[in-house]
Student: 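This is the structure I want to talk about, given as structure tokens.
Lettering of chains follows the sequences in order, A, B, ..., and the numbering in each one begins at 1. Small disclaimer: the values here were computed from a predicted structure and weren't measured. These numbers come from the heavy atoms of this one structure, side chains and all, not from hydrogens, waters or symmetry mates.
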Amino acid sequence: MSASTPAAPSGTAGARLTRLLQLVPWLLARPGISQRETAEHFDVTEEQLLADLDLLICSGPGQFHGELLDIWYDDEGGITVQDPLSLTRPLRLTSEEASALLVGLRLLAQVPGGQDSQTVARVTATLEAAAGASAGAVAALDVSVERTLDPDVVAAMERAVAEGRVVRLRYAGATRDQETERDVVPAALLSLDGRPYLSGWCRRAEAMRTFRLDRVLAADVLQERASVPADAAGPDLGTGALRPDGPTLTLDLAPGARWVADEYPVDSVVSLPGGGARVALPVSDPRWVVRLLLRLGGSATVVAPAEIASAVAEEALRALAAYEPGDSEAL
Amino acid sequence: MSQAQRTERLLNLLFVLMSSSRPVAKARIRQALDDYAASPSDDAFERMFERDKEELRSMGIPIETVEGSLGAGGIDGYRVRGDEYALPEVRFSAAELTVLGLAARVWEQASLGPAARSALRKLEASGEVVRRDPAGVIARVTTPEPAFPALLAAAQARRPVRFDYRKPGEVDAAPRRLAPWAVLARRGHWYVVGQDRDREAARVFRLSRIVGDVAPDGKDGSYEVPAGARIHDVVQSVADRPQATAVLQVREGHAASLRRRAQDALAEDAPSQDAPAGAGPADPATGWDTLTVRYGDDEVFAEDLVGYGADVVVREPSGLRDAVVRRLRAALQSAQGAA
């Protein structure tokens, strides 16, 4: 293991020591604090907390009085650090910790609907000063926010969200490759991996939808104010961020196309001999799948349903017909 | 050895190293810790001590080695200075704490989530606690690529790495050796940029195309990021370098994003561009528009274009047209085999 290896997996001695070193200064500043509150803050069970405290109590640079860390429990079980030895302050931030917060702040300052930039700047300055040399490591990490957005669209979105007004979008959808017009009741502006989205209730689909701002061709804020229906599910930003809820397509991917499993929210991935994979991909729109399969060329094979394979073959034939035989002869 | 025993030894080692402002000799460290004193040989002690020092350093503890600092013989000593160990006192206002909480939540579903939470706990040690569910903009970054943590750690430690990489359009992965400078997300994808040690030039790799593990291939701090390295430019040049100009025919009402790209190109490049870019007038007789679009790589753009099926036809250049036709044929063959 070498310096600035990613955080030790929980359960290792390093991970536990990291917690112990945070625990002592935290307790020191809060004499008599309860075990429950402390365990919650450190996201451990109370048993684990007591084991941690036991370990701390017999530690120190020597065996004599004044060389042992001292912790007392009061009658209610409240914890008081009597002698913290040299652990009065938390350990400075690691490179990884400093860059996580600093890049997070940088992102907040840039995304549509983001925070007051002066506050972000002040927090950033305080943090950089506190992190010292570790702050330099932030140069090795960045998330760039889409900068080619139409400022009028962004301003309209921000206003719609802030005022709770319905917004009329002209939207270039990825799945149908055609423009649509939709009235959306805005819920929130999101930014996922630096890509901004509007989440809201789409009146056309009568469902919660997430719209990529870079595909919004125009946005008009209407006079009408509305709220998202109370029973509508919020956006799930987990791995299933934009998971479609349609039938499932089974695909065999050649090794070169395994990235599909990383890019799209697949339900399952099973490795195949030779480095490929069989994936189950939920689809809301067959048109989208045909496009994906055309893009994958020969590196993906449809296992089921067969109609999808026929649709791909049909579309490929139509597309090839546009190229005169003479043009492709040279290949 | 149990995890508790090792944790205790590491903690006591830290106390010994912090116990005095003067460096502590190895022999004294060996006496002070039971596990060390009980080690059966000098070699066994040395190995245990080296491993423990590395572990503490990997947690960010600044252990100083002071060479020849002790006694007449000039023995090496070790110490951790309190002022280098400790996080300085920091104070944040309520509004600032909210922002800090939002910044930490950016990584909630990513591999840096634990690091962000750990950072918050350190900052909260003697002050206010940051709300864990602050209201405000929802910004999230995901790091689904398994290579992310190892590459970020390597870039921060300036440690060369090697990995297998599958180039777009190729089936087999090939070994690459890289001195990573930075890990960046751009347009929803993660890239690592650095010096390719075989090609001796700056290169960009997409993390989702890395196959298997990222292995260390040299020592920490064994290179510098060149002062003038324009990391963003390098990534941008790969992510969307516009070098060539394509003439496309697009069915009316289709391929909105290509149309937008054609318009963007027109707006950005006019009036001084050699290659005119933009959308030509629709031909009402045929129902097709002619678009001029600037793009980077034939293969990359072809992959994009075949997705439009029969709604987009490449007129120029021939390299791009050939790439599209080849891909369509491959898709046809594969689909006919399956149907």
Student: For B:Val312, is it the side chain, the backbone, both, or neither that has a heavy atom closer than 4.5 Å to a heavy atom of chain A?
Tutor: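 Interface part for B:Val312: backbone (N, CA, C, O).
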Student: Could you look at B:Leu123 and say if it's the side chain, the backbone, both or neither that has a heavy atom under 4.5 Å from chain A?
Tutor: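 Only the side chain of B:Leu123 comes within 4.5 Å of chain A.
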Student: What residues form a salt bridge (charged side-chain N to carboxylate O under 4.0 Å, His left out) with B:Glu8, not counting sequence neighbours?
Tutor: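 Applying salt bridge (charged side-chain N to carboxylate O under 4.0 Å, His left out) to B:Glu8 gives none.
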Student: For B:Phe92, which atoms come within 4.5 Å of any heavy atom of chain A: side chain, backbone, both, or neither?
Tutor: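 Contact with chain A: side chain only.
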Student: Just jot down the ring pair (Phe, Tyr, Trp, His ring centres under 6.0 Å) partners of B:Trp190, sequence neighbours excluded, or say none.
Tutor: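 Per chain and number, B:Trp190 pairs via ring pair (Phe, Tyr, Trp, His ring centres under 6.0 Å) with B:Phe148.
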Student: Report the C-alpha distance between A:Glu97 and B:Ser118 in whole Å, list the side-chain angles of each, state the deciding distance to 0.1 Å, and finish with yes or no for side chain to side chain donor-acceptor pair (under 3.5 Å).
Tutor: CA-CA 7 Å; A:Glu97 289 165 347; B:Ser118 175; 2.6 Å; yes
Student: Measuring heavy-atom distances to chain A, does B:Leu13 have an atom under 4.5 Å in its side chain, in its backbone, in both, or in neither?
Tutor: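 Nothing of B:Leu13, per the 4.5 Å heavy-atom cut-off to chain A.
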Student: Is it the backbone or the side chain of B:Gln249 that comes under 4.5 Å from a heavy atom of chain A, or both, or neither?
Tutor: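 Neither part.
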Student: Select one option (side chain, backbone, both, neither) describing which atoms of B:Val141 are under 4.5 Å from chain A's heavy atoms.
Tutor: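 When you check distances to chain A, atoms from both the backbone and side chain of B:Val141 fall under 4.5 Å.
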Student: Report the option among B:Ala182, B:Ala185, B:Ala302 that has the most heavy-atom pairs separated by less than 4.5 Å from atoms of chain A.
Tutor: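 So the answer, after comparing B:Ala182, B:Ala185, B:Ala302, is B:Ala185.
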Student: Side chain, backbone, both or neither: which part of B:Leu14 has a heavy atom under 4.5 Å from chain A?
Tutor: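 Interface part for B:Leu14: side chain.
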Student: As an exercise: rank B:Gly60, B:Ala125, B:Ala86 by heavy-atom pairs under 4.5 Å with chain A and give me the winner.
Tutor: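 Among B:Gly60, B:Ala125, B:Ala86, the one with the most close pairs to chain A is B:Ala125.
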